[in-house]
Q: 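Take this structure first; my questions come after.
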Number of protein chains: 2
Amino acid sequence: MPNVPAAASALDVLEYLSRHAEPVPAASIARDLPLPRSSVYHLLKVLCSRGYVTHYVEDRRFGLGSAAYELGSAYQRQAPLARVARGPVRRLVDQSGRNAHFATLDGRDVIYLLEERAPSQPTLVTDVGVRLPAHLTASGVAMLAALPGPQVRALYPDRDSFTQRHGTGPRSLTELRSLLSRTRTDGFAREDGTVTPELSSVAVAVLDRAERPLAAVAVTFRSVDGQPEHVADLVGRAKAAAGDIARRLSPTPR
Amino acid sequence: MPNVPAAASALDVLEYLSRHAEPVPAASIARDLPLPRSSVYHLLKVLCSRGYVTHYVEDRRFGLGSAAYELGSAYQRQAPLARVARGPVRRLVDQSGRNAHFATLDGRDVIYLLEERAPSQPTLVTDVGVRLPAHLTASGVAMLAALPGPQVRALYPDRDSFTQRHGTGPRSLTELRSLLSRTRTDGFAREDGTVTPELSSVAVAVLDRAERPLAAVAVTFRSVDGQPEHVADLVGRAKAAAGDIARRLSPTPR
DNA sequence: CACAATTGTCTCGGATCCGAGACGATCCAC
DNA sequence: GTGGATCGTCTCGGATCCGAGACAATTGTG
């Protein structure tokens with residue numbers, strides 16, 4: 001592949017700054033990337049002039065600038081998650097003959113970004129835009145299982161955090177942790193009747209390159225159809241869809 | 001200044017994509033920037049491999065990637081607003097002899113990021129991290145005045161949106177709009193006793209390059225000291241501080 | 001179905017850039 | 001106060017890159 005080294009170096013500098021909680025001196029950037037000192041200053045000049053980097057003159061340090069934030073906001077406005085997920089989720093529905101949906105985590109809620117219906121399958125409550133408590137849904141549990149423990153604790157500081165639905169679901173952090181541990185062991189999350197009585201879902205998380213959960217893919221079926229080999233088949237297909245989505249969102253660097 | 005054209009072009013491509021609500025074909029990028037076709041493909045290759053751009057193969061289009069979002073998140077983690085504002089706000093306090101603070105808008109709240117105390121001035125409630133309803137504070141009103149009308153309406157959909165404090169402040173969207181209009185005319189926002197009885201504040205917004213409010217700077221004084229010429233002096237100093245902060249956050253492109 | 005348009009990849013040589021190193025200014029340690 | 005270390009800018013020549021244009025594959029149109 002053709003190399004565009006100056007562009008790649010500019011990204012290196014931005015990513016270096018983004019890995020640091022505080023602004024850093026130019027000498028550290030040059031040393032750690034490593035890049036020639038004069039090249040680093042040239043790059044910083046351009047990045048500063050475009051607002052991607054802020055020069056803290058008094059501290060003689062450099063940090064990310066507001067243009068970096070603007071890029072992040074623009075990314076969110078393009079709704080890329082649902083856009084990228086549409087094809088794989090459609091194929092999952094076609095292949096499995098079941099309803100599927102795609103959701104992301106927002107605090108203690110899951111928010112549904114996409115739902116694809118299979119013929120003759122029951123209507124779901126998981127319409128686009130709907131929010132449900134994460135710990136009560138397969139998608140939510142799949143994503144929570146991929147979060148670091150301290151972050152889960154921060155989300156669920158006390159027993160009041162655990163809303164109920166149909167009298168089911170974890171009621172404490174201990175119960176939730178146990179559920180998340182089992183989810184990690186199984187490689188997927190499952191709920192039976194917690195969201196909708198007589199319906200079950202299996203879900204897997206879509207992870208970014210840092211193994212953080214971006215979203216989750218779930219397949220829903222009637223609970224009476226929940227034979228182990230059937231469930232295993234659906235989990236496998238959901239995993240394939242999740243992997244496909246992950247690859248499109250965060251390509252492996254070459 | 002030394003030019004690093006490939007780095008600048010890479011930023012051009014990212015900004016072009018961020019200006020579009022939908023992914024775009026490579027031909028549009030080449031035509032509109034304008035850049036040579038082969039150069040655009042080279043840049044897209046690098047940006048895709050690093051996750052800044054996503055190639056929507058089926059649509060033959062390109063959109064921003066999750067790495068753009070990660071940069072934006074990293075920017076927020078560095079808390080650059082308070083970092084950049086500290087010096088100018090400290091100088092404002094030194095020059096005016098009054099307390100000053102710096103806040104940003106979060107939904108219908110202002111959240112205080114920085115407070116600098118002057119000797120022998122009264123303690124304020126606006127400690128770092130404190131949230132107050134925006135429409136009741138000078139800083140909040142200054143930032144709301146810089147928002148487009150539809151965005152203000154979205155923030156305040158009904159009368160229940162208008163919390164009260166000490167029985168003062170706007171009670172309806174009509175009253176709020178009137179206040180914001182006066183604020184735009186005056187060039188600053190003022191509150192007298194709404195946050196703390198017997199204390200007044202004047203505030204001005206810190207605007208980014210798109211004239212959107214990033215934050216606000218406010219000076220607080222005893223209401224009995226509120227003679228017009230004194231207030232005008234404080235407003236002028238607050239404006240200078242706001243301008244200084246804005247220049248550091250979003251340098252004018254060359 | 002045939003042709004035109006577009007997309008994406010690839011080559012290679014002239015033009016341009018990158019980076020070593022010099023320099024002046026500023027900061028820091030003793 | 002002095003000398004060393006660091007920062008930020010600048011020059012310029014050899015090495016590298018950029019981009020015109022060819023090509024094959026795919027898509028769109030009549």
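Here is the naming used below: chain letters follow the sequence lines, and residue numbers restart at 1 for every chain. All values below were derived from every heavy atom in this structure, side-chain atoms included, with hydrogens, water molecules and symmetry-related copies excluded. None of the values given here were measured: they were computed from a predicted structure.
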Q: Identify, with sequence neighbours excluded, every residue that meets side-chain hydrogen bond (donor to acceptor under 3.5 Å, both in side chains) alongside B:Arg184.
A: none

Q: Quick one: are A:Arg60 and A:Pro25 in side-chain contact, heavy atoms under 4.5 Å?
A: no

Q: Taking the side chain as every heavy atom from C-beta outward, state whether B:Ser18 and B:Leu64 have any atom pair closer than 4.5 Å.
A: yes

Q: Please list, chain by chain and in numerical order, all residues satisfying salt bridge (charged side-chain N to carboxylate O under 4.0 Å, His left out) with B:Asp59, sequence neighbours excluded.
A: none

Q: Taking A:Leu43 as the fixed residue, which of A:Ile29, A:Leu35, A:Val53 is the one that meets the side chain to side chain contact (heavy atoms under 4.5 Å, CB included) rule?
A: A:Leu35

Q: Tell me which residues in residues 55-65 of chain B put a heavy atom below 4.0 Å from DNA chain C, sorted by number, or none.
A: B:His55, B:Arg60, B:Phe62

Q: Applying side-chain hydrogen bond (donor to acceptor under 3.5 Å, both in side chains), name anything that partners A:Asp225, two or more places apart in sequence or on another chain.
A: none

Q: Could you tell me which residues satisfy salt bridge (charged side-chain N to carboxylate O under 4.0 Å, His left out) with A:Glu211, sequence neighbours excluded, listed by chain and number?
A: none

Q: Can you sort out the partners of B:Ala85 under side-chain contact (heavy atoms from CB on, under 4.5 Å), two or more places apart, ordered by chain and number?
A: B:Val89, B:Phe102, B:Leu114, B:Ile245

Q: Tell me the bend of the helix from C:dC1-D:dG30 to C:dC30-D:dG1 as the angle between end helix axes, each from five pairs, rounded to the nearest 10 degrees.
A: 50°

Q: Does anything in residues 26-34 of chain B come within less than 4.0 Å of DNA chain D? Heavy atoms only, and list the residues if so.
A: none

Q: So which protein nitrogen or oxygen atoms get under 3.5 Å of nucleotides 18-22 of chain D's nitrogens or oxygens?
A:
| from | atom 1 | to | atom 2 | distance (Å) |
| --- | --- | --- | --- | --- |
| D:dG19 | OP2 | B:Ser39 | OG | 2.6 |
| D:dA20 | N7 | B:Ser38 | OG | 3.2 |

Q: So do the side chains of A:Arg212 and B:Glu70 get within less than 4.5 Å of each other, counting heavy atoms only?
A: yes

Q: For residues 8-17 of chain A, which residue pairs qualify under side-chain hydrogen bond (donor to acceptor under 3.5 Å, both in side chains), counting only residues two or more places apart or in two chains?
A: A:Asp12-B:Arg50, A:Glu15-B:Arg50, A:Glu15-B:Tyr52, A:Tyr16-A:Asp32

Q: Under 4.0 Å: is that the gap between some side-chain N or O of B:Tyr41 and OP1 or OP2 of C:dG8?
A: yes

Q: Give the ring-plane orientation class for A:Tyr69 versus B:Tyr75, where under 30° counts as parallel, over 60° as perpendicular and anything between as tilted.
A: tilted

Q: So, using side-chain hydrogen bond (donor to acceptor under 3.5 Å, both in side chains) as the criterion, who are the partners of B:Gln151 when residues are at least two apart?
A: none

Q: Which residues pass the side-chain contact (heavy atoms from CB on, under 4.5 Å) test with B:Gln95, not counting sequence neighbours?
A: B:Arg91, B:Arg237

Q: Within less than 4.0 Å of OP1 or OP2 of C:dT9, is there a side-chain N or O belonging to B:Lys45?
A: yes

Q: What is the distance, rounded to the nearest whole Å, between atom CG of A:Leu43 and atom P of C:dC17?
A: 13 Å

